[in-house]
Every structure is written in C-alpha cells, then in structure tokens.
Q: 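Before I ask anything, let me first share the structure, which is written out below as structure tokens.
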Amino acid sequence: MLDIKLIRERADYVKAELSRAGVNGTEIDAIIACDAERRRLQFELDELRARRTRESKELGRLAPEAREVRRAEMRELGERITAGERRMAEIEQRLTDLMLSVRNLPRPYVPTGSSEADNRVVRQEGEPAKLDFQPLPHWELGERLGIIDFERGVKLSGTRFYLLTGMGAQLERALIAFMLDLKTREQSYLEVAPPLMVTTETATSTGHLPKNADTMYHDAEDDFWFIPTAEVPLTSIYRGEILDAERLPIYLTAYTPCFRRERMSAGRDVRGIKRGHQFDKVEMVKLVRPETSDEELQLLVEDACEVCRRLEIPFRVVQLCTGDLSFASAATYDIEMWAPGIGEWLEVSSCSNCTDFQMRRANIRYRPHRGGKTEFVHALNGSGLGLPRTLIAVLENYQQPDGSVVIPKVLRPYMNGAELIRAGARL
RNA sequence: GGAGAGGUGGCCGAGUGGUCGAAGGCACCAGAUUGCUAAUCUGGCGUACUCUUACCGGGUACCGAGGGUUCGAAUCCCUCCCUCUCCGCCA
C-alpha cells in the first residue's frame, strides 16, 4: 500500500512514477476523491459523537421525569450517527479496495522500460564452458540417469508435476542443506520453518492478495491459501507489531515448498522441471530501517550470488526495468545461472526491495528515536535460490560426455562424499 | 468433535450500563536523593485519525473480531475467532 498522505499531497508525482511502471493514474484520482469524502465525513461524525457523549452524560444526571423529553432528540442524534457510520464503513471499504489495488512505486534509480526486453545485465561472473560435446537438456539427463520421473509425476498429479528419485532427490536435499548452512552460518540469517498455508490476511500483507488470487491455490473449505513463496509467511511474522529499533535489521531464511497455478504461463516451459505447480525454494527476507534498504538490497543480491559462486556455475545479475517489476517491488535484481543444455540463462533468484509497501499493509513499524513517532520498516526478499532451476543448472553444467554428472565440490559433504551421479537404481 | 473456563494497555491484573482510555502492580523513561550497586521519592509512560498547529491544548475511534439492545456499552444480547482444562479422535 502506498502512503495516503503522499497521494494526497503529491498526486502528480505518484502518477508520474506509476506511469513509469506502465500504470495509468485513474485509480489515484478515485482515491483522492474518496479520501476527501472520508475525511469530511470523519470530521462530521467526530463532532456528532462528541455531542452525544457530552449530552448523554448530562442526561444521566437529570431527574427521571426530565429525561423523557431529551431522550427523543437523543435518539434521533443516535440515528444520525448510525447512518453516518454506515456510510463511513462503505467509503472506507471502497478506499481500502482502491489502495490495495495500487502497485508500489519504483525506486528512482530503476531504469524505465516496458518489458523484459528493457532489463539490463549489470554484471556477469564466470564464462559458459566451451564443451567439446553436445550438452543434453536436464530432462534427458534426468531420465537417462533415472533421477527424474516425469511420466509418473503426471500420473499422480497431472501436468507440471514430476518426481525426483535416488541421487536426484539426494542432490536436491544436499542443495537445500548447503544453502541453509550458508545462510545461517555465514550470512547471519535466522532459519524459520513457517506454515505453508496462510490466511487471507497474511497473503494480503505481501500484496499477493487481492490482485493475484488466481495465481494461488486456495482451500475453499477452510479458507487457506497455499504459499507461492516463503516470502508470504516470513514477511508477515511481525504483523501488527512495533519492533525495537535495536532489533533491526532482521534477517530470516526458510526452506519451503511453494505452490503456483502458473495459469499465466500456460504452454510456457512445459518441458523439464523449470516451471512446476510445486517447487522447493530457500528464501531470504529482511526487515530493515528505511534509509538502509537500497544498500541492503545490494547485500541481499550478493548473498544470493554467493550460492552460485560456490556451486561454480556461471551467472549474471540483471536489473529489472520499471515495467518488469512485480506488484510489491520497488527495485528488483534477478540472478540467472547459465544452463548449457537448454541454452539459456535461467532465473534462479529474484531479489526485491519492497520498501514500506508490504509493511504498511501488515502494519509493521519501529521507533527510530526513543519516545518519537513510529515509522514503517522496509522489507526485502530474495530467493537463495530456487531449487528446480538450480538443479537444472547443476545437471547441465556438470554433465559429462557419457551422460554422468559430477557433483559440485561444496555438495559432496552433504552426499556422503559421492563425486559422481551415474545411472543407478530407478523406480 | 463434545463439555467447561476465559480473552482488558509491554506484562500481571481490577472493572455495579454513565464521571473508564480504563484502578492497582511490574517493567520502562526523566528528575530528585544517595560513597558504588541497590533502595526511596516525584513525574511521565498505548496506537491511529483529526482540530488548532510554533508550542500548549482539544476531539474521535480502539478493552479478541463483527453485529445488536440503549440517550449512553469494556460492562447486557447474538455470531465468529482464539487460548486454557477435561473427554474423544489422530500423524
């Protein structure tokens, strides 16, 4: 949610920044009108209520027979207040709906653009290896090695599901353990194992609801939402709380499965494990002081890059343009690993500074100065990393001419010292 | 799932339908006092919106959530949520 005061006082600026992200400002005009109406009514109601309180107290002191006369007019006053409150509730609902529908403003340094095509590669580390054989895509490697089973995944759950088995499942588990150890032991994140199903309120805090309801799985019976990313529960942990300034910055990490409809990408990436309805991810979330959030974003990107670096896989960092930013994000850097089998740079992480956008929805604040006013903190999130795609990159970069796959050195301690995956026991 | 008890400020805890934003205590902050520590005394000590706005000050809302009764609700009624105890069931 944006700051209503900012919209009220600097509407032109807000509209200009929204238009950089490809959003027109009609909602802003509606918000301004609604807000003015709300304030007018609020003032009116406050006065009526003040009068009621005052006169009710007097009424209580009157002699019983004198009360009856006043009671009639007081009843009428009460009815006016009730009517005003009903109207107020409507207006507030309308205003809230409007406010929830407006995306975050991009940070000033984010390049203006309309689509993915305007994103900028800001740096690259490592060069794609020159192979003297034709690299296979991971789905072929996976099936030959007997570590990915697509057919049975479809049998069990339909399209976009698969099973990892044997060394494939172990490799993923090793990646998870390796990432979490790096996050918690070296990068000072606190590990959390959060709920995977959350309430409507929680999913609204992060901006996933109401706008992206159709991208999430929902249990109608009990009104649970299956998390599309651990960002949802992690960012909402402190909802409604005022944090001690000394506790900031807060760094959290979590390994969780994630669930996504992927209706928007129907037909895209249907082969392999790049885009499933369910996938595992290690996520990082930071809650920080506002003035540090841009710097914290750089550090967050660096924390994600370190995973790629230790896996010794070439990667690059891409700065998203305004038009490619997600709803809640004010600035985003994607990290892409090279995948020679499918011949593309694979998005394995997306690191965003969501500024105070989610914190205002979640009402998470801190007190910058002792005895001073509260302020919203800033929230950031980033993958560290998404597992299926990291798995793709490992399989495709470490494949050998004979179809076997060398296990990256950092993962070997997590796999009983094994160095190579070759065809073995299968389902 | 059944039965019962309960949800009040950072915490504990009082609260006959009106003078309750809410006693009291703890914690915390400031000042006073005091060889140090501690103790004692005095004052302060929720959030948000709003009026005046430099300051002081004022108004309104919030006592789990939402409805209702009433001139007036933390207090009465209804629905829901949550916590605790007992029983049942279960990974």
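Owing to the predicted nature of the structure, the values given are computational and were not obtained by experimental measurement. All chains are named by letter (A, B, ...) in the order of the sequence lines, taking the proteins before the strands, and each is independently numbered beginning at 1.
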Q: Please tell me if the side chains of Asn381(A) and Glu283(A) come closer than 4.5 Å, counting only heavy atoms from C-beta onward.
A: yes
Q: Can you tell me how far C1' in A23(B) sits from the matching atom in C76(B), rounded to whole Å?
A: 23 Å
Q: C1' atom, G18(B) versus U70(B): distance in rounded Å?
A: 12 Å
Q: Using purine N1 to pyrimidine N3 plus N6-O4 or O6-N4 for Watson-Crick, or N1-O2 and O6-N3 for G-U wobble, each under 3.5 Å, what pairs with A74(B)?
A: none
Q: In terms of side-chain heavy atoms, does Gln298(A) have a donor or acceptor partner in Asp294(A) at a distance below 3.5 Å?
A: no
Q: Could you list, one pair per line, each protein nitrogen or oxygen that sits under 3.5 Å from a nitrogen or oxygen of nucleotides 43-48 of chain B, together with the distance?
A:
residue	atom	partner	partner atom	Å
U47(B)	OP1	Arg367(A)	NH1	2.8
U47(B)	OP1	Arg367(A)	NH2	2.7
U47(B)	O3'	Arg365(A)	NH1	2.9
A48(B)	OP1	Arg365(A)	NH1	2.9
A48(B)	OP1	Thr374(A)	OG1	2.4

Q: For the pair made of CD in Glu241(A) and P in G9(B), what is the distance, rounded to whole Å?
A: 14 Å
Q: If the C1' atom of U69(B) is compared with that of G88(B), how far apart are they to the nearest Å?
A: 39 Å
Q: Base, sugar-phosphate alone, or nothing: which one does Arg8(A) contact when heavy atoms must sit under 4.0 Å apart?
A: sugar-phosphate
Q: To the nearest Å, give me how far apart CZ (Arg71(A)) and P (G18(B)) are.
A: 14 Å
Q: In the strands shown, is U83(B) matched to any nucleotide by a Watson-Crick or G-U wobble pair with both distances under 3.5 Å, and which?
A: A5(B)
Q: Leu41(A) has an atom CG; how far is it from atom C1' of C49(B), in whole Å?
A: 13 Å
Q: Hey, could you give me each pair passing ring-ring contact (aromatic ring centres under 6.0 Å, His included) that has a residue in residues 231-254 of chain A? Not counting sequence neighbours.
A: Tyr189(A)-Tyr251(A)
Q: Report yes or no: do Ser205(A) and Thr202(A) form a side-chain donor-acceptor pair below 3.5 Å?
A: no
Q: Measure CD/Glu44(A) against C1'/C49(B) and give the value in whole Å, please.
A: 16 Å
Q: Which base sits across from C26(B) as a Watson-Crick or G-U pair, both distances under 3.5 Å?
A: G10(B)
Q: Over how many whole Å does the gap from Arg40(A) atom CZ to C51(B) atom P extend?
A: 14 Å
Q: Is it the case that Ser350(A) and Asp334(A) place a side-chain donor and acceptor less than 3.5 Å from each other?
A: yes
Q: If the P atom of C26(B) is compared with that of U33(B), how far apart are they to the nearest Å?
A: 23 Å
Q: Expressed in whole Å, how much space separates the C1' atoms belonging to G17(B) and C84(B)?
A: 30 Å
Q: What's the CD-P distance between Gln93(A) and G66(B), to the nearest Å?
A: 12 Å
Q: What string of B, S and - do you get for nucleotides 56-61 of chain B, 5' to 3', if B is base contact, S is sugar-phosphate-only contact and - is no contact with any protein heavy atom under 4.0 Å?
A: ---BSS
Q: Return the pairing partner of A32(B) with a 3.5 Å limit on both distances, Watson-Crick or G-U wobble; otherwise return none.
A: U40(B)
Q: Please report the distance, rounded to the nearest Å, between CG in Asp35(A) and C1' in U50(B).
A: 12 Å
Q: Between U16(B) and A73(B), how many Å separate the two C1' atoms, rounded to a whole number?
A: 14 Å
Q: Please name the nucleotide paired to A91(B) by Watson-Crick or G-U wobble geometry with both distances under 3.5 Å, or report none.
A: none
Q: Is Leu311(A) close to Leu411(A) at the side-chain level, that is, under 4.5 Å between some pair of heavy atoms?
A: yes
Q: With both distances under 3.5 Å as the test, what is the Watson-Crick or G-U wobble partner of G46(B)?
A: C62(B)
Q: What I'd like to find out is whether the side chain of Ile407(A) reaches to under 4.5 Å of the side chain of Leu420(A), using heavy atoms alone.
A: no
Q: Whole angstroms only, please: what is the CD1-P distance between Ile81(A) and U69(B)?
A: 14 Å
Q: In whole Å, what separates the C1' atom of U60(B) from that of C20(B)?
A: 16 Å
Q: Is Arg310(A) salt-bridged to Glu306(A), cutoff N-O under 4.0 Å?
A: yes
Q: P atom, C12(B) versus C87(B): distance in rounded Å?
A: 27 Å
Q: State, without any angle test, whether Ser265(A) and Glu262(A) hold a side-chain donor-acceptor pair at a distance under 3.5 Å.
A: yes
Q: Are side-chain N/O atoms of Asn104(A) and Thr355(A) paired as donor and acceptor at under 3.5 Å?
A: yes
Q: For U50(B), does OP1 or OP2 lie under 4.0 Å from any side-chain N or O of Arg39(A)?
A: yes
Q: Does CZ in Arg8(A) sit with more than 12 non-hydrogen atoms of other residues, nucleotides or ligands closer than 6.0 Å?
A: yes
